[in-house]
Amino acid sequence: MIDTTPRFTVDGTRTAPTNWDSPDMRKRIARRYAAERRFKYLGMGAVILSAAFLAFLLYVMIGNGLSGFQRTEVALDVDFPALTGGTGAAALTGPSAENTAASLDLPGVVSVAVEAQYGETEVPIFSSGAWQIVQKRLLEDPALIEARQTMWLPASSELDIAAKEGGSAQAERLLAALRAGDAVQTGFNSSFLTGSDATDPAQAGIWSAFKGSLMTMLVTVILAFPIGVLAALYLEEYAPKNRWTDLIEVSINNLAAVPSIIFGLLGLVVFLNWFNMPRSAAIVGGLTLALMTMPIIVIAGRNAIKSVPPSIREAALGIGASPIQVVFHHVLPLALPGILTGTIIGMARALGETAPLLLIGMRAFIPTPPGGLTDPSTVLPVQIYLWSDEVNRGFVEKTSAAIIVLLLFLLSMNALAIYLRNKFETRW
Amino acid sequence: MFKQVAALSAGIALLAGCQDQASTSGGGTRDHIAIVGSSTVFPFAKAVSERYASGAAGRTAPVLESTGTGGGIEQFCAGVGPGTPDVANASRRMKVSELETCQKNGVTDVAEVTIGIDGIAMAQSVEGPKFALTEAQIYQALAAKPYGMEQTAKTWADVDASLPNIPIAVYGPPSTSGTRDAFEELILQKGCDANPKMAALKESDKDQHDAVCTDIRTDGAYKEQGENDNLIVQKLASNPDMLGVFGYSYMEANANKVRGIPIQGVTPTYDTIASGEYPGARPLYIYVKKAHIGKIPGLKDYVQEFVSAGGKDGYLAPLGLIALPDDARAKAAADVDAMTSIDAAALAN
């Protein structure tokens with residue numbers, strides 16, 4: 001339909017009605033549509049680009065990291081009776097077992113056995129920590145020491161790399177020779193999931209860092225969640241609106257944006273220097289990260305509480321509920337999905353945090369898993385950081401494998417959040 | 001809803017429990033050894049910690065942090081007590097000013113233990129033409145792009161007319177090796193920075209500077225020889241025109257086959273290395289807080305383990321630690337037994 005009503009400009013003169021069919025007008029309309037399309041494609045491009053980055057990251061990580069869950073093992077004949085002077089199984093039981101094992105000079109035993117079976121080689125065949133595995137197996141099953149045994153021990157990282165992706169010419173030659181003798185096998189590297197940090201990539205494991213992360217997150221959530229939610233409830237439901245609460249609101253918003261390293265310095269000064277808490281401990285890491293996470297939870301909590309319709313509060317008050325009953329029976333359950341989402345975002349940030357933990361000493365080399373909250377420990381991202389810094393090439397795949405573990409940890413945390421959110425979600 | 005409130009309060013109670021535990025363990029004693037310091041010593045200390053922890057029943061693994069020498073000594077000197085580290089690793093000697101800080105903070109008795117040498121020597125067969133090089137000459141002969149320019153030198157005479165007219169051929173460690181790192185850091189970097197333009201580049205573009213200064217040519221003049229230094233010694237013995245880069249201790253052990261090449265006019269000997277005169281090497285130290293011996297279980301055992309591991313056949317040698325000569329090792333072991341304190345006068349010379 002063509003609009004034919006006369007038009008007037010401000011000064012009263014008549015103008016011709018808009019001609020929607022004129023070539024000029026058509027061009028303008030086409031331009032507007034084109035702009036619309038361009039914007040749509042730009043947005044789509046942005047999504048595709050970020051998806052491509054994510055796909056690339058996952059591809060590289062999984063490509064590099066999957067081999068970290070496997071290890072190459074080589075067979076070794078160990079003539080225990082001859083090499084240990086006929087030590088009996090009884091000596092390896094009871095309270096002095098570890099001392100006996102230490103006195104056997106297992107590093108020497110293993111190197112003699114290697115020399116006897118394979119002679120002098122250009123690259124080492126076994127990982128330098130192979131003797132520790134022998135020691136562990138002997139302590140688990142002392143009867144082994146009374147006979148000649150064929151043991152499958154982890155290969156050196158040169159050989160391991162040669163078996164997985166191709167290594168130096170010497171290592172390839174050695175590997176071919178070993179394969180010809182049927183002395184090589186590839187197995188699932190269970191010690192990667194159950195072990196702790198080690199000098200030798202074949203022995204290094206993620207368990208102690210995983211446990212450290214778990215404990216740190218536990219402290220963080222136990223501290224940050226209740227305090228954050230209570231603060232949000234008070235500010236939304238009880239606090240008078242005045243200059244002081246405005247100031248508090250601005251401070252909380254600012255705190256949420258403070259770089260994490262500053263919380264690390266705070267943790268160093270307050271928890272370590274003033275309160276004399278133990279260095280490198282999960283509890284201090286958790287406290288520091290809780291400080292960082294709390295403002296995020298408060299902000300998310302306030303928004304969630306704000307979005308609960310006032311009619312619900314009024315209806316509850318109307319049928320005689322006390323204010324505290326209103327809050328705990330109605331407002332909080334309805335706001336909980338939003339609060340949980342905010343908490344998980346904060347926790348995910350805390351889980352991936354490295355900088356503040358470096359400052360409170362959680363970057364130490366700790367070859368045993370932490371036994372409690374005050375034991376020295378490290379966390380997954382710091383472990384990744386430490387391994388990425390290692391000279392030994394065997395740590396490259398360990399780094400990627402550790403990243404996979406960290407991503408899985410994060411995914412399961414998010415899955416839990418989504419589950420909880422859906423469980424508590426109410427529609428009105 | 002009640003259940004949720006109960007869960008929250010249980011959480012808070014649990015946290016309170018944690019804090020109690022924390023304050024007692026923080027203020028009381030500590031059952032693990034705390035070690036801080038140099039990243040150069042870190043890999044050696046890691047290996048020793050591992051070995052120490054599995055050495056006997058009931059030993060707790062030491063906690064080891066790589067903070068850099070300066071940062072480590074600062075923490076070490078902060079005071080006495082379970083909140084401060086027991087051992088500081090150092091890739092240089094403690095400064096007199098640092099010792100003064102220590103003493104001011106009550107850390108009056110500090111034992112110094114030399115654990116070995118981090119460094120490399122350039123050597124050649126005793127039958128070859130005598131070389132004497134400067135850092136800048138070594139850099140120009142081996143860099144992938146000397147001072148950012150194309151590498152054209154084929155013979156040593158191309159680098160400097162005073163050098164013998166024989167092809168450049170150097171056996172050395174691969175890029176995964178700590179010895180290679182030391183070679184790049186101690187020799188090539190310095191030779192590179194001798195050029196004022198490169199020193200200026202360091203200010204403007206550090207990455208570019210590091211690439212120009214430490215990338216080694218890959219056209220065959222520098223031959224990577226795996227981690228086996230003995231193999232390099234043997235090859236040098238049979239090829240008198242070649243030079244080799246390897247751990248100092250191997251050179252000393254094969255003095256009948258190879259001789260050290262003077263760099264900047266200094267021949268590598270124990271004395272020149274220990275005094276720091278020879279550019280290719282530096283001794284490594286650990287500092288032990290004597291007040292903690294007897295209070296922190298196993299501290300002395302750990303230090304003894306470190307000294308015994310630092311021998312020529314010890315497990316630190318494959319990791320790149322150069323063993324001290326026998327008399328110096330005997331002195332280090334005696335220092336550990338007696339826990340000799342250092343004073344400012346000892347550090348000053």
Side-chain angles (χ1 to χ4, degrees), chain A residues 95-99 101-102 107 122-124 128-129 132 135 168 170 196-200 203 218-219 221-223 225-227 229-230 271-273 275-281 283-284 286-287 328-329 332-333 336 361 363-368 372-376 386 389-393, chain B residues 1-2 4-5 8-9 11-12 14-15 18-19 21-27 30 32 34-36 39 42-43 45-47 49-51 53-67 75 78 81-85 174-178 181 224 226-228 231 315 318-320:
Chain A
S96 66
E98 280 183 50
N99 284 328
E122 286 171 299
V123 291
S128 58
Q132 287 165 316
Q135 179 172 5
S168 66
Q170 295 103 314
S196 300
D197 198 4
T199 336
D200 175 22
Q203 306 250 356
L218 195 75
V219 174
V221 78
I222 283 176
L223 195 66
F225 185 70
I227 298 183
V229 171
L230 288 180
F271 300 128
L272 293 188
N273 294 354
F275 295 168
N276 267 326
M277 289 175 121
R279 227 181 129 73
S280 311
I283 177 135
V284 182
L287 286 170
F328 281 101
H329 292 182
L332 192 57
L336 207 54
R363 57 165 163 196
F365 169 76
I366 302 153
T368 47
L373 290 175
T374 53
D375 280 356
L386 287 173
D389 221 20
E390 288 277 346
V391 181
N392 195 319
R393 259 184 77 192
Chain B
M1 198 61 234
F2 174 72
Q4 280 153 10
V5 175
L8 286 189
S9 38
I12 294 166
L14 188 69
L15 182 82
C18 299
Q19 273 171 328
Q21 200 188 349
S23 53
T24 51
S25 95
R30 169 155 55 71
H32 62 261
I35 306 157
V36 292
S39 56
F42 188 63
K46 261 168 81 174
S49 303
E50 245 175 29
R51 204 56 88 99
S54 56
R59 281 183 179 175
T60 330
V63 172
L64 180 57
E65 257 186 87
S66 165
T67 59
Q75 278 187 34
T84 58
S175 54
T176 51
S177 159
D181 290 343
E224 294 194 351
E227 306 271 359
N228 192 336
L231 204 65
Y315 52 88
L319 296 175

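Below, chains carry the letters A, B, ... as their sequence lines are ordered, and counting in each starts from 1.
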Visitor: As an exercise: rank A/Pro367, A/Ala198, A/Ser280 by heavy-atom pairs under 4.5 Å with chain B and give me the winner.
Guide: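 Most pairs with chain B among the choices: A/Ala198.
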
Visitor: What part of A/Pro107 gets within 4.5 angstrom of chain B, counting heavy atoms only: side chain, backbone, both, or neither?
Guide: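 The answer is the side chain of A/Pro107.
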
Visitor: Roughly how far apart are B/Glu50 CD and A/Thr368 OG1, rounded to 0.5 Å?
Guide: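 OG1 of A/Thr368 is found 11.0 Å from CD of B/Glu50.
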
Visitor: Heavy-atom pairs under 4.5 Å with chain A are the metric here; pick the option from B/Ser49, B/Ala78, B/Ala47, B/Pro85 that has the most.
Guide: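 Most heavy-atom pairs under 4.5 Å with chain A: B/Ala47.
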
Visitor: Got a second to check how far B/Phe42's CZ is from A/Leu386's CG, nearest 0.5 Å?
Guide: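 Those atoms lie 6.0 Å apart.
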
Visitor: Within this structure, what is the CG-NZ distance for the pair A/Asp197 and B/Lys46, rounded to the nearest 0.5 Å?
Guide: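 That separation rounds to 5.5 Å.
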
Visitor: Check whether B/Pro62 gets within reach of chain A through its side chain, its backbone, both or neither, counting any heavy atom under 4.5 Å.
Guide: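 Just the backbone, heavy atoms under 4.5 Å.
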
Visitor: Kindly write out the residues that satisfy side-chain contact (heavy atoms from CB on, under 4.5 Å) with B/Pro43, not counting sequence neighbours, or none if the list is empty.
Guide: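 For B/Pro43 there are no side-chain contact (heavy atoms from CB on, under 4.5 Å) partners, ignoring immediate neighbours.
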
Visitor: Where does B/Thr60 contact chain A at under 4.5 Å (heavy atoms): side chain, backbone, both or neither?
Guide: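 Answer is neither: B/Thr60 stays 4.5 Å or more from chain A.
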
Visitor: Between chain A and each of B/Gln75, B/His32, B/Arg51, count heavy-atom pairs under 4.5 Å; write down the option with the most.
Guide: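 Among B/Gln75, B/His32, B/Arg51, the one with the most close pairs to chain A is B/Arg51.
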
